[in-house]
Participant: 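I have a structure here, written as structure tokens, and I will follow up with some questions on it.
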Amino acid sequence: EIHTNEKEVTEKEVTLHLLPGEQLLCEASTVLKYVQEDSCQHGVYGRLVCTDFKIAFLGDDESALDNDETQFKNKVVGENDITLHCVDQIYGVFDEKKKTLFGQLKKYPEKLIIHCKDLRVFQFCLRYTKEEEVKRIVSGIIHHTQAPKLLKRLFLFSYATAAQNNTVTDPKNHTIMFDTLKDWCWELERTKGNMKYKAVSVNEGYKVCERLPAYFVVPTPLPEENVQRFQGHGIPIWCWSCHNGSALLKMSALPKEQDDGILQIQKSFLDGVYKTIHRPPYEIVKTEDLSSNFLSLQEIQTAYSKFKQLFLIDNSTEFWDTDIKWFSLLESSSWLDIIRRCLKKAIEITECMEAQNMNVLLLEENASDLCCLISSLVQLMMDPHCRTRIGFQSLIQKEWVMGGHCFLDRCNHLRQNDKEEVPVFLLFLDCVWQLVHQHPPAFEFTETYLTVLSDSLYIPIFSTFFFNSPHQKDTNMHQRQLSLPLTQSKSSPKRGFFREETDHLIKNLLGKRISKLINSSDELQDNFREFYDSWHSKPTDYHGLLLPHIEGPEIKVWAQRYLRWIPEAQILGGSRVATMSKLLEMIEEVQSLQEKIDERHHSQQAPQAEAPCLLRNSARLSSLFPFALLQRHSSKPVLPTSGWKALGDEDDLAKREDEFVDLGDV
Amino acid sequence: MWWGGRGQSFNIAPQKEEPEMGSVQESRMPEPRSHQPSSCLASRCLPGEQILAWAPGVRKGLEPELSGTLICTNFRVTFQPCGWQQNEVRWLGGLSRVQLLRPGSLLKFIPEEIMIHGRDFRLLRVGFEAGGLEPQAFQVTMAIVQARAQSNPAQQYSGITLSKAGQASGSRKPPVPLMETAEDWETERKKQAARGWRVSTVNERFDVATSLPRYFWVPNRILDSEVRRAFGHFHQGRGPRLSWHHPGGSDLLRCGGFYTASDPNKEDIRAVESMLQAGHSDVVLVDTMDELPSLADVQLAHLRLRALCLPDSSVAEDKWLSALEGTRWLDYIRACLRKASDISVLVTSRVRSVILQERGDRDLNGLLSSLVQLLSAPEARTLFGFQSLVQREWVAAGHPFLTRLGGTGASEEAPVFLLFLDCVWQLLQQFPADFEFSEFFLLALHDSVRVPDTLTFLRNTPWERGKQSGQLNSYTQVYTPGYSQPPAGNSFNLQLSVWDWDLRYSNAQILQFQNPGYDPEHCPDSWLPRPQPSFMIPGPPSSVWLFSRGALTPLNQLCPWRDSPSLLAVSSRWLPRPAISSESLADQEWGLPSHWGACPLPPGLLLPGYLGPQIRFWRRCYLRGRPEVQMGLSAPTISGLQDELSHLQELLRKWTPRISPEVHSKKRDPHTILNPTEIVGILKGRAEGDLG
């Protein structure tokens, strides 16, 4: 039987779609991909290939897609495609035992299990594959996904060279990239921050510092030579201005020094800088040190790696086993608690700015991890512009990409240092999801947008999330022919960014005037409570300040992202998709009626056309829509019944009944 | 159903209420200070209601704090804000709700604040005004405590029934059948097209079982004498009855446990067996108690849940999830859904008859059978269908509401019905387009179980209920087997049920019971009736299965009694092939879809998710007592849109009377899908347009 299947595969050779610049590296045929559903396992035969962009499985039944499903297919990554950057862990099964695969293998597994960063789990059976091919494909996959890579080997560059960049951006729907002075001036104008802050071009061509963007905004009274003094460290950099004039600033810490003399110099420098932003009673600044008394990157990493294990499921039984303890497992991962703490911190800062009219200065070692997270959250809560799709993309561009978040290291795209891999950006998206989930009308985008955005972290076609800094991106993307020596990312201790000496410095910096604020944390808590409660007791203005609920029952699991590949979690014809399609229908109707009314008013004849409705033709979508579309096998009743077969099918039943009749006659 | 304040009522959007409240509050401020509120309060009383005590106070916990009067009557505790215009009766339920008194239940000093915890998760917090009025605070507190001690939940408040009886009879909608007459049962039987079944009148005088309804469905060819004979061998006389007939041909039956002490003769056993099999060759016996929580489990979980949801519950935010898990409430819901889902697959997709067997047949059988019908029958998901489902499977079937909800003070308290409502809520969450009723309806029903205005949830058995509706205050009469006086026919018309919503809610509130997202097109009730060769043919013995722990095992015989030779002797010959052959296993492993797996999903069947992450916590119900959670409980966006839609249509109709509605509803804009922000924009634009 296997033999015939093999034949079929060769006959129905499915073509592999390659992107421009993509190269096939190795392949193996007669691989069996397990399809997870109910308690039993099925399989599909096909080819497993590995290119320099992805691992792909080409099954036999791929042509059987109907239109409905292809309509929502991802254009770049297919159902059975795993981009190399998306691979999280690879396991091999040897004699029923599961082992992590890495490096050179002595023995090749009979089953390959791939855990993806977007939480898909693939299982390939290699038992029927030729030994040669097994060796080639397994070692190929392991090498191309696990071995440390050089930046210039990223598929991004092959793609960029091969594909001519001909994307025409619509000037109206344009995400602000913040790579020109004009963009920053525009942002200053929009937030009315141009009275007190100025955009500077002192770092043009990255003369001062490679960490900072070419253009950024600093307080107007700050002399530009101050920026050069410590290569951009110790400089308050503007993030955003509130309507009442208070601003959100961020600052990276000064380098740690032992020498008392240098420390003295640093102190006087900071005092000087501080005076430019803290001028009571007009300008009061509150410092928020995100390196101490708040989350550590280590905590985030541990929590997420525990959390994701809840969703990386090899087989159903495993899932059922953990199911009983679901809530305590979830709690023990403390991922939701971390989300809560982030949201809470953002609310505290919002309170300072909104209610107390204070400037807030965020402090972090490099101002590129939690600074990005907190400042983006504050802006989302306070600035309705950030809740539009364009505004949100601009925010990410401003705070994360230009803010120098080390995407390359944090996503571990080069596999150079696992310890640096911290899902800070994902944590941010999860925090945003909580907001979107709690206040859907306040956002132009939906949770699906966020899920897709989180996936694009691992698709090396977009340059956005593949560099550590704008400098690195510019040098590599524009002057690739120069092939500059790569800046090796140095590993830095994640705890204790500030030594005692610097702690002392910070305290000095804070000064006596606001030390009151730091010490009396009770008072701070009261302010926070009052602000939080009073906001939530009023009706929500979706165009104004927006605060999340952060009580225990309110922080939830981003089900769409984390559960979308688990067939057991599928609800046919149900879930939010049902509401969403109804909502879309009604929105369309409201809009068409609205237009009718406008027409009456202006007595104009606007051309009208029949719209093909997006969701109309697929009446019953599953809750996994639009991700796991091909789970249609699961559309049969799920009944984990071992004796189930005993009932026999309809034919059997009919036969048996015939027999009854015969017997009666006898 | 609210404490007189705005935020806690589920059906008034807080936003709309606020400005109105503010103005009223200012203008009427002096009123309570006039020291003569009795007269004006009395006018708001219900017929037969007496004010026991009152005191002016300030309602706390919500912004803004309301000042008003706390009143304790012989039926309820109510807080009336100053100048609050009462248009309709607001029920606050029985006095059984005062659970906690602060400070201390032995009142030695005058309280500054009283907190009343409702059993339905609500909280009334009233601070008393200081100075001069304190004795009144003392009086009202004592009155509440005493009233709580004396109250008898079984006592029905009749005033409203009498006063509203005339009005209610003229309602436009078809009333929910109370399943108290043979006609109701016959109509319902025809609706389900259960041709092999008839209405039995054997229990017309409640002499087979007092907990059974007067009428029920039995197989056509079974004589009433056989029914009587068979039922005697079941626990409390609750023999097998039809619950629901699947258009595909299978039946869902429910019955009590076998009365093992009895010693049936062959005739009796034959009667029992033929009633259980009801003419089907394949029947699956389900042990309802298996894998489901016991009554004590349900009660404990509910108590824990209530403790967790108290506003002053001390659970830390980061420990909330494990605390919630610790209540096991969600776990029980999961078990119920899982089992119901399995059974509905058996009944609909596999077309097998299922017998639900629970020892008492009055608790989880009702829960399972209702859930199965909700999952399988689209009709049961309409407002009308759901109400008649509850009436049939819970009220008429004799669920001991009074005992289970703690009314009798007996130890058998277990809110099984509330567990059921939570299960239904889960389904509503998972399939928002498949139910005609809304979450608000479920909340209203949830709260109704403690309102003493109708008999629906105030009695344990149909017999008690029937007696009550005939002669008031005869509750204490001892049941005598010779009871032979059926209630007079005209008394039924007078009896009101919980389904007469207009007794308690305004029309605007009742409108909110409708789910705007309901899309009946989704669930066509197009079951293809299958040819049923064996149906109702008295044939040879058949195969009997036991469904337990998610697996089917063949049973040798249906009844536990030794001497049932008919089945035992023949069934060994009729035992099917070994359940699992090694050959078929191999097939399964290598992925060719196994033959039973290809069975199509019947249209209209809902398969609920019951994984840990999919079972949710019913915030709007359980967290109502927490002020910080109360906000944001406004109506879902979709209903806002619905309002907008009807408003626009109305507007358009006014302007263009000649355009038919089909024309403009068909036109759609080609390239845009509005996002909610824009909708808000439209709303604003509309408001401005209206002004201009």
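Residue numbers begin at 1 in each chain, while the letters A, B, ... track the order of the sequences. These figures come from a predicted structure and were not determined experimentally.
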Participant: Which value, rounded to the nearest 0.5 Å, describes the distance between B/E325 atom CD and A/L329 atom CG?
Facilitator: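 Here the interatomic distance stands at 7.5 Å.
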Participant: Once rounded to the nearest 0.5 Å, what's the spacing between atom CD of A/E331 and atom CH2 of B/W320?
Facilitator: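 It comes to 11.0 Å.
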Participant: Any side-chain heavy atom of B/L321 within less than 4.5 Å of one from A/S328?
Facilitator: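 The answer is no; the side chains never approach within 4.5 Å.
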Participant: Is chain A contacted by the side chain of B/L427, its backbone, both, or neither, given a heavy-atom distance below 4.5 Å?
Facilitator: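 Looking at B/L427, nothing touches chain A.
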Participant: Side chain from CB out, backbone as N, CA, C, O: work out which of these in A/I555 comes under 4.5 Å of a heavy atom of chain B, or both, or neither.
Facilitator: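 Interface part for A/I555: neither.
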Participant: May I ask you to test the B/P613-A/L563 pair for a side-chain heavy-atom distance under 4.5 Å?
Facilitator: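 Of all side-chain heavy-atom pairs linking A/L563 with B/P613, at least one is under 4.5 Å.
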Participant: Taking the side chain as C-beta and beyond, is there a heavy-atom pair between A/W326 and B/L611 under 4.5 Å?
Facilitator: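 Counting from C-beta outward, A/W326 and B/L611 never come under 4.5 Å.
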Participant: Who are the side-chain contact (heavy atoms from CB on, under 4.5 Å) partners of A/A303, not counting sequence neighbours?
Facilitator: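 A/A303 satisfies side-chain contact (heavy atoms from CB on, under 4.5 Å) with A/S334, A/W335, A/I338 only.
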Participant: Under the side-chain hydrogen bond (donor to acceptor under 3.5 Å, both in side chains) rule, collect the residues that match up with A/S332, sequence neighbours excluded.
Facilitator: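 side-chain hydrogen bond (donor to acceptor under 3.5 Å, both in side chains) list for A/S332, sorted by chain: empty.
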Participant: Do you know which two heavy atoms are closest between B/R619 and A/E554, and how far apart they sit?
Facilitator: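 Nearest pair, atom of B/R619 first, then A/E554: NE-OE2, 3.0 Å.
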